[in-house]
There are 2 protein chains.
Amino acid sequence: MPTQSRRERARAERHELILRTARELAESIGWGAVTTRRLAEAIDYSQPVLYGHFENMNAIADAVAIQGIEELIAVLRFARTSAPDPADGLHALAKAYLEYASNHPAVYEAIFVRPTDLEFASADSPLLLKTAFAEFQAAIEPFAAGDDPETLTEVLWSALHGQATLAHASRLRPEHSRARADLLVKVITS
Amino acid sequence: MPTQSRRERARAERHELILRTARELAESIGWGAVTTRRLAEAIDYSQPVLYGHFENMNAIADAVAIQGIEELIAVLRFARTSAPDPADGLHALAKAYLEYASNHPAVYEAIFVRPTDLEFASADSPLLLKTAFAEFQAAIEPFAAGDDPETLTEVLWSALHGQATLAHASRLRPEHSRARADLLVKVITS
DNA sequence: TAGATTGTCTAGCAGTGCTAGAATTCAGGA
DNA sequence: TCCTGAATTCTAGCACTGCTAGACAATCTA
């Protein structure tokens with residue numbers, strides 16, 4: 001049945017088109033302005049088509065978030081494992097995290113800021129979140145000393161998340177971004 | 001002119017009623033569900049009345065945010081200055097901040113999370129934000145050692161903000177809230 | 001080619017923020 | 001006490017939102 005598979009292929013392509021377009025739109029005009037009508041217009045179909053692929057608008061943002069967290073995990077892992085020693089590894093991981101958030105603010109928002117119940121309800125995403133968390137923990141474990149590694153991981157992740165979101169909201173001095181990351185790593189490792 | 005002042009008094013009272021009701025609604029059903037119709041219904045007036053007091057719905061949330069940051073400043077100052085020494089002061093400030101965020105999540109969201117341009121555009125609020133920032137800086141300055149105090153303040157505030165928001169989004173283990181605050185203060189002061 | 005299935009669109013619902021203009025209330029003067 | 005003008009409040013409506021039912025068109029099967 002080549003027909004059936006051709007159809008399925010076309011359908012899968014459109015699925016990706018929706019996600020790619022939603023992501024581009026969000027990065028350029030913000031999630032608040034990504035409406036079903038605008039998104040449908042951008043992919044050159046009518047709105048109901050979107051609902052043939054996703055349950056609702058939120059599910060589209062959730063799917064973008066899942067793509068994003070997969071990217072983020074790869075970025076963190078590469079940064080950490082490419083470093084010559086644990087201290088550099090933690091440093092590289094922190095910088096990579098903040099850079100990803102800064103370079104893909106809409107995706108970061110979809111993953112960690114936008115209200116969504118998918119992250120904990122679905123079958124795949126909790127595993128992804130755990131994997132991302134494990135990257136943080138692997139990077140910081142060498143510096144845990146007598147402290148609970150998991151708690152220290154939460155402290156590190158929260159601190160980076162805070163820097164990412166406040167910087168994006170223009171509430172931190174933009175030219176001191178690197179200094180903040182450096183200082184955070186310093187106080188944690190010393 | 002007792003008539004004029006009576007009118008003005010009634011108007012000021014309704015102004016406060018709007019703010020109080022918006023805050024209560026937001027805390028109980030979330031900002032997303034605080035609509036002009038619902039808010040107008042709650043204060044027993046029609047929607048256009050709201051626009052006689054505030055420019056738009058966002059301005060109402062902004063006004064709640066300003067009330068909130070004034071409260072928060074008082075809370076932080078009390079926590080810091082009531083402590084017997086700087087270390088306890090920093091500890092108390094951190095806990096007070098996280099407690100406020102946890103006890104008034106909608107107000108905290110209005111201040112630090114909701115998209116708003118008021119915080120930096122208006123005449124009053126930047127001063128309030130600076131005052132709040134000064135509280136953090138006063139608490140952490142004794143521990144700055146050779147580091148830039150302002151950068152360290154940003155690191156501290158970001159770390160607490162991250163813990164507050166991720167905890168509210170149920171992304172951190174709720175029973176370890178205190179341990180995270182303790183550990184953060186520990187790594188910063190040691 | 002006829003019929004069934006699949007895919008897509010048009011048109012519409014209830015909700016949103018916000019506003020113009022009608023209706024009402026009220027204060028002050030004759 | 002009644003009238004007039006001003007201040008206040010409401011009704012009704014706009015353009016937008018997410019989402020969907022049902023009509024229509026294209027495609028595959030027999």
Side-chain angles (χ1 to χ4, degrees), chain A residues 1-19 21-23 25-26 28-65 106 109-110 114-118, chain B residues 1-19 21-23 25-26 28-65 106 109-110 114-118:
Chain A
M1 284 107 195
T3 304
Q4 183 68 358
S5 69
R6 184 169 356 114
R7 274 194 177 175
E8 281 173 6
R9 225 180 310 126
R11 188 177 161 77
E13 269 171 29
R14 200 170 61 178
H15 191 94
E16 283 309 307
L17 174 64
I18 293 173
L19 283 185
T21 310
R23 178 171 173 163
L25 269 181
S28 64
I29 60 178
W31 280 111
V34 180
T35 68
T36 55
R37 280 172 181 80
R38 255 193 276 265
L39 180 52
E41 164 94 1
I43 65 167
D44 221 59
Y45 282 95
S46 63
Q47 295 124 296
V49 165
L50 300 174
Y51 295 88
H53 288 268
F54 299 93
E55 196 186 341
N56 52 35
M57 192 63 220
N58 237 327
I60 297 179
D62 287 344
V64 171
E109 188 183 336
R114 273 192 126 235
T116 162
D117 30 28
L118 176 139
Chain B
M1 285 102 197
T3 303
Q4 182 68 357
S5 69
R6 186 173 347 120
R7 274 196 178 171
E8 280 173 7
R9 225 180 309 125
R11 190 179 159 76
E13 269 171 28
R14 199 171 59 180
H15 190 94
E16 282 309 307
L17 174 64
I18 293 174
L19 283 185
T21 310
R23 178 172 174 162
L25 269 180
S28 65
I29 60 178
W31 280 111
V34 180
T35 69
T36 55
R37 281 173 179 80
R38 253 193 278 264
L39 181 51
E41 164 94 3
I43 64 166
D44 220 59
Y45 282 96
S46 63
Q47 295 124 297
V49 165
L50 301 174
Y51 294 89
H53 288 268
F54 298 93
E55 196 184 341
N56 51 37
M57 194 60 219
N58 237 325
I60 297 178
D62 286 344
V64 171
E109 188 183 337
R114 274 193 124 233
T116 163
D117 30 26
L118 177 138

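Worth saying up front: this structure is predicted, and the values here are computed from it rather than measured. To find a chain, count down the sequence lines: A is the first, B the second, and so on, and within it residues start at 1.
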Q: Indicate the atoms forming the closest heavy-atom contact of A:Phe54 with A:Leu19, along with that distance.
A: CZ-CD2, 3.7 Å

Q) Within this structure, what is the NE2-to-P distance between B:His53 and C:dC18, rounded to whole angstrom? A) 16 Å

Q | Side chain to side chain, B:Ile43 and B:Leu50, heavy atoms closer than 4.5 Å | A | yes

Q) Can you tell me how far C1' of C:dG17 sits from CH2 of B:Trp31, to the nearest Å? A) 15 Å

**Q.** Rounded interatomic separation in angstrom, taking CG from B:Leu50 and P from D:dT8
**A.** 16 Å

Q | Closest non-hydrogen atom pair, B:Ala22 against B:Val34 | A | O-CG2, 4.4 Å

Q. Starting at CE of B:Met57 and ending at P of C:dG15, how long is that distance when rounded to a whole Å?
A. 18 Å

Q.
Taking 4.0 Å as the cut-off, does a side-chain nitrogen or oxygen of A:Thr36 come that near to OP1 or OP2 on D:dC19?
A. no

Q | Closest approach of A:Ala65 to A:Ala110 (non-hydrogen atoms, all atoms of both residues) | A | CB-O, 3.5 Å

Q. With respect to the side chain of A:Tyr45, which nucleotide from C:dG17, D:dC19, C:dC9 is positioned closest?
A. C:dC9

**Q.** Letter per nucleotide, 5' to 3', of nucleotides 11-16 of chain D [B base touched, S only sugar-phosphate touched, - untouched; heavy atoms, 4.0 Å]
**A.** B-B---

Q. What closest approach, in Å, do B:Ala61 and B:Arg114 show between heavy atoms, and which atom pair accounts for it?
A. CB-NH1, 3.2 Å

Q. Quick one: B:Tyr51 OH to D:dC10 P, roughly how many Å, whole number?
A. 15 Å

Q. Between OG1 of B:Thr21 and CD of B:Glu16, what distance do you get to the nearest 0.5 Å?
A. 10.0 Å

